[in-house]
Amino acid sequence: MNRIFLDVHALQTVPPSNINRDDTGAPKTAVYGGVPRARVSSQAWKRATRTYFKDEHLLDASELGVRTKKIVEAVADRITALDPSLTGETALRIADETVKATGLKTEVPKRKAAAAKDGEPEPAPESKYLVFLSSRQLDGLARLAVEGAADITAYLKDKENKGRAKQIADTLHSVDIALFGRMVADDADINVDAAVQVAHAISVHRVDNESDYYTAVDDENTDAETGAGMIGTVDFNSATLYRYAALGVHQLAANLGQGLRDDEPRTDPVRRAVEAFVHGFIASLPTGKINTFGHHTLPDAVIVKLRTTRPVSFVAAFEDPVRGDSGGYVREASERLAAYIPDIERAYGDEESTLTWVLRVGPNTQKLAGIGAESQNIGELVAAIGQAVAERLEKPA
């Protein structure tokens, strides 16, 4: 298959907020171009994107996975749904044996075992770390467990049946696993290489964190009782962020393997996944301290590139921090990108087959109007990208 890369770039301004905290509770930062910048980690935005898939119904539940230590309970619940006679400890036992047949290790957490009271059933086993499994993988393991429920130990000693358990865990990947990958320490054979790389978002300008001192009044205080019932501080900053992600469409197609439904063209699952990722990455927002700051914003500008060479970030346009001399950062950041993009693509031979789309808001992004096909809204943008990806996938290698 041809190598196909999709680069997504966004400029997004967030007001006073604490989207992504470090171990001290302060907003994360980084030094770039010799000055401190606001930073939002790649993990935070990947999590927000995955959550957006589900919350906004961009993908069906059958196309998504779950990341949890409680995989035995998840399989046991499906076992009971398939065969209501298999419940409680029985369902947990055969689920545990089936999960372990995939190569994953489970154990009863010591804290839960110690907390169990006399006479209570032993708590369910858990994996030692978070495991990412698709809905179809959990369903497949449950069906396998029900088949061998009469004597699950003997059933899974059969090499063919044990091989089926491993095959289920190594195929039938959900879209989010295909996009963001999976690492399994106990069994590298079922690892999945991520199709998406997400950069840490950084501000295009210098940022210094600030601190808000707040007090709370006790509602039941009398007039004679003065003073606050509680005092504290919370750190925050505000920034215009440069966000970037690179999607290897060819890797995504390999991870998904067969179509998620047997009655659809080969490219459809990949197209749905690409469209969901582009929409989810652009529109999602990490929710750290959101009740405190209400930082609900969307990007001012989005640039998407479809190319066959290699991913290219445009973060170097902001190595010299934007000064904001014109009264804000978005206008100058847009001007920087409008100048930098054609310059670097000229220097390194941007191919003729590279496609570019732009989605922008307001007069401050006007300089970006000429660098690609303009979309009027996110639906139009996503549809155009999905169509282009499907056409590229159909081309012979």
Side-chain angles (χ1 to χ4, degrees), residues 8-52 55-56 198-217 219 228-245 280-302 315 317-337 359-365 368 378:
V8 185
H9 315 262
L11 292 175
Q12 182 165 353
T13 298
V14 290
S17 55
N18 191 343
I19 291 177
N20 187 208
R21 304 189 289 278
D22 65 17
D23 57 334
T24 69
K28 289 185 176 179
T29 59
V31 174
Y32 183 64
V35 301
R37 313 285 183 115
R39 176 172 66 92
V40 181
S41 72
S42 58
Q43 295 92 329
W45 231 298
K46 282 189 280 190
R47 166 73 177 173
T49 303
R50 285 181 50 227
T51 302
Y52 199 87
D55 291 348
E56 300 300 321
V198 177
H200 290 233
I202 63 169
S203 63
V204 301
H205 52 89
R206 179 189 179 101
V207 166
D208 294 300
N209 287 344
E210 301 179 69
S211 185
D212 176 44
Y213 171 81
Y214 64 88
T215 65
V217 176
D219 290 344
M230 175 183 174
I231 61 174
T233 60
V234 58
D235 292 337
F236 67 93
N237 60 35
S238 60
T240 295
L241 300 170
Y242 170 74
R243 300 171 48 205
Y244 170 71
F281 178 71
I282 291 171
S284 63
L285 184 69
T287 56
K289 288 283 186 181
I290 200 161
N291 289 342
T292 301
F293 293 102
H295 52 266
H296 295 283
T297 66
L298 289 163
D300 297 280
V302 175
V315 69
F318 310 111
E319 193 270 342
D320 179 20
V322 171
R323 310 297 174 183
D325 296 333
S326 60
Y329 298 112
V330 173
R331 184 189 299 275
E332 186 176 341
S334 298
E335 291 171 353
R336 291 276 192 94
L337 282 178
L359 176 66
R360 62 182 190 84
V361 178
N364 286 336
T365 62
L368 296 172
I378 193 168

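The model shown is predicted, which means the values in this text are computed figures rather than measured ones. Note that these values count all heavy atoms, side chains included, but never hydrogens, waters or copies made by symmetry.
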Do R21 and P27 come within less than 4.5 Å of each other through their side chains, counting heavy atoms only? no
Heavy-atom pair with the smallest gap, counting every atom of P16 and F236: CB-CD1, 3.7 Å
Side-chain heavy atoms of N364 within contact of D300, under 4.5 Å: no
Can you name the nearest heavy-atom pair linking A301 to T365, along with the distance? CB-CG2, 4.0 Å
Looking only at heavy atoms, the pair that brings A317 and L337 closest together is CB-CD2, 4.3 Å
Under 4.0 Å between a side-chain nitrogen and a carboxylate oxygen: does that hold for E332 and R336? yes
Main chain of P286, side chain of H295: is a donor-acceptor contact present, judged purely on distance under 3.5 Å? yes
Can F318 and L11 be said to form a side chain to side chain contact (heavy atoms under 4.5 Å, CB included), step by step? CA-CA 12 Å; F318 310 111; L11 292 175; 4.1 Å; yes
Of all heavy-atom pairs between H205 and T240, which one has the smallest distance, and what is that distance? NE2-N, 3.0 Å
Indicate yes or no for a side-chain donor-acceptor contact from R37 to the backbone of S203 under 3.5 Å, with no hydrogens or angles considered. yes
Is the shortest side-chain heavy-atom distance between R39 and Y32 below 4.5 Å? no
Measure from the side-chain N and O atoms of Q12 to the backbone N and O of T297, and report whether any donor-acceptor pair falls under 3.5 Å. yes
What distance do T233 atom OG1 and Y214 atom OH have between them, rounded to the nearest 0.5 Å? 7.0 Å
Looking at side-chain heavy atoms only, is the closest gap between S284 and W45 below 4.5 Å? yes
Would N20 and S41 count as a side-chain hydrogen bond (donor to acceptor under 3.5 Å, both in side chains) if you check the C-alpha gap in whole Å, the side-chain angles of each, and the deciding distance to 0.1 Å? CA-CA 7 Å; N20 187 208; S41 72; 3.0 Å; yes
Rounded to the nearest 0.5 Å, how far does OG1 of T292 lie from CG of D212? 9.0 Å
How close do V204 and L241 get, counting heavy atoms only, and between which atoms? CG1-C, 4.5 Å
Please round to the nearest 0.5 Å and tell me the distance separating atom CZ of R47 and atom CD of Q43. 12.5 Å
Check: G25 main-chain N/O paired with N18 side-chain donor or acceptor under 3.5 Å: yes
To check you understand the geometry: which heavy-atom pair defines the closest contact between D235 and A26, and what is its length? OD2-CB, 3.5 Å
Verdict with reasoning, Y213 to V234, per side chain to side chain contact (heavy atoms under 4.5 Å, CB included): CA-CA 7 Å; Y213 171 81; V234 58; over 6 Å; no
Apply the side-chain contact (heavy atoms from CB on, under 4.5 Å) test between N237 and each candidate in V207, I19, D208; give the one that qualifies. V207
What is the distance from atom OG of S238 to atom CZ of F293, rounded to the nearest 0.5 Å? 10.5 Å
